[in-house]
Amino acid sequence: MALAGKKVFIVYAHQSSGSFNAAAKDAAVDVLTAKGCNVKVSDLYAMKFKAIATVEDIQGEVKDAQHFHYAEETKLAWEAGKLTADITEEQRKLTEADLIIFQVTKVFFARLVHYYSTCLFYLWNFQFPMYWFSLPAILKGWIDRVLTLGYAFSNEKRYGQGIFKDKKAVLSFTTGSEESMFSANGINGDMNVTLWPLQNGILHYCGFQVLAPQIFWAPAHLPREANANLLLAWRTRLEGLLEEAPLTFTPMDYFDGEKGFRLKPEVQQKQSTEKFGLTVGVHLGLAVPPNNMMKAGV
């Protein structure tokens, strides 16, 4: 699939222009612009993007101020065109984009900085540091405030039937620890488990086809030449990202919507004889399928 003419939206969440995350973001901008893409970047720290989801995100009166419910009230505001300008602008960028890249860093412990970027085809790219095995507050706030009920998901439109099911997403990030520490027997735990809430609970939940993450293992501990090679590999991957197959998630028709969206008995019975569960999250008490959240086709 040609990239020429595609619109790319990069959500960037790192404070330093000298960081590895900044270099990864710049690499994405360079490669995709050279391929003929129209690239836009939301630099959340430079924008001083508000991270807290509050009633102030709605212009005018709300339906029930005494028992304020953010999701329901922002859904009504989105339908009425009453969300604040900063949210509306980010939703516009997201809606128009073919490729969305979330560029962030990731930190697990106070002095271990990790870098986490995401690229989505028809596509988001997040570039960010993961703080405490999760997202930086400013990026989590972007997700809370921009991916509003009605606009990004609904009870009827989620997972395989999600609103963004025709778009793709990919996370690209750095870690502060070496790869062995994120293994099934490593001190940080299995990276597949760490990625499940982000890739399944946010991206796939909104319907995105999630591509395998781009992981830069502990670049802060590597020599300059090694880091240059990491960025070169990222540039090479960007050239063919749209042709990649997405990660595997359990299909929606495996679940019984009338019985709490649990696996249908026939599916569960069939899977019970397998060595591994269906996915990291839907494991049925069996072994977690290795690299389910890190490699396509697993």
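Below, all heavy atoms of this structure are taken into account, side chains as well, without hydrogens, waters or symmetry copies. Treat the numbers as computed from the prediction; the structure is a model and nothing was measured.
The minimum heavy-atom distance linking Ser177 with Asn188 is given by the pair OG-ND2, 3.4 Å. The minimum heavy-atom distance between Lys40 and Glu96, with the atom names listed, is NZ-OE1, 4.1 Å. The nearest pair of heavy atoms linking Asp256 to Glu258 is OD1-N, 3.0 Å. Residues Leu195 and Pro213 come closest through the heavy atom pair CD1-CG, 3.8 Å. The two residues Ile58 and Thr74 make their nearest non-hydrogen contact at CD1-N, 4.0 Å. Considering every non-hydrogen atom in both Phe249 and Gln199, the closest pair reads CZ-O, 3.9 Å.
Ring pair Phe20/Phe216 is perpendicular by interplanar angle, where above 60° counts as perpendicular and below 30° as parallel. In this pair, Phe9 and Trp142 present their aromatic rings tilted. The plane angle is within the 30 to 60° band.
In this structure, Leu278 and Leu263 have side chains that are in contact, with non-hydrogen atoms separated by less than 4.5 Å. Residues Leu230 and Leu222 meet the side-chain proximity criterion, which asks for heavy atoms closer than 4.5 Å. No side-chain heavy atom of Lys6 sits less than 4.5 Å from a side-chain heavy atom of Lys35. Using a 4.5 Å heavy-atom threshold, the side chains of Leu171 and Leu203 count as touching. Put simply, the side chain of Thr175 reaches to within 4.5 Å of the side chain of Trp217, judged on heavy atoms. No side-chain heavy atom of Glu89 sits under 4.5 Å from any side-chain heavy atom of Met47. The closest side-chain heavy-atom distance from Val55 to Val62 is below 4.5 Å. The closest side-chain heavy-atom distance from Leu198 to Phe173 is not below 4.5 Å.
There is a path of hydrophobic side-chain contacts, each under 4.5 Å, that joins Val288 to Met191.
In this structure, the ring of Tyr205 has its center less than 6.0 angstrom from the ring center of Phe153. Ring pair Phe208/Phe164: centre-to-centre distance below 6.0 Å. Here His14 and Tyr45 keep their ring centres 6.0 angstrom or further from each other.
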Test side-chain contact (heavy atoms from CB on, under 4.5 Å) applied to Gln91 and Leu83, step by step: CA-CA 10 Å; Gln91 289 182 342; Leu83 290 172; 3.8 Å; yes
Derivation and outcome, side-chain contact (heavy atoms from CB on, under 4.5 Å), residues Trp196 and Thr279: CA-CA 9 Å; Trp196 176 258; Thr279 59; 3.4 Å; yes
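Formation of a donor-acceptor pair under 3.5 Å by the Lys264 side chain with backbone atoms of Asp253 is found in this model. Without hydrogens or angle criteria, Ser272 side chain to Gln269 main chain gives a donor-acceptor distance under 3.5 Å. At distances below 3.5 Å, at least one donor-acceptor pair connects side-chain atoms of Gln209 with backbone N or O atoms of Lys165. The backbone N or O of Leu232 lies less than 3.5 Å from a partner atom in the side chain of Thr236, making a donor-acceptor pair. Proximity of a side-chain donor or acceptor of Asn192 to a complementary backbone N or O of Met293 within less than 3.5 Å is detected. At least one donor-acceptor pair under 3.5 Å links the side chain of His221 to the backbone N or O of Gly176.
Pairs engaging residues 57-79 under the salt bridge (Lys or Arg N to Asp or Glu O under 4.0 Å) rule: Lys50-Asp57, Asp57-Arg145, Lys75-Glu79 [sequence neighbours left out].
When the shell of 6.0 Å around OH of Tyr70 is examined, it contains more than 12 heavy atoms from other residues, nucleotides or ligands. Atom CZ of Arg262 sits in a sparse spot, with 12 or fewer heavy atoms from other residues, nucleotides or ligands closer than 6.0 Å.
Lys7 contributes atom NZ, which lies 13.0 Å from atom NZ of Lys93 (distance to the nearest 0.5 angstrom).
Residues satisfying the salt bridge (Lys or Arg N to Asp or Glu O under 4.0 Å) test with Asp144, not counting sequence neighbours, are Lys140.
Cation-pi geometry between Arg158 and Phe255 is not met at under 6.0 angstrom from the ring centre and within 45 degrees of the axis.
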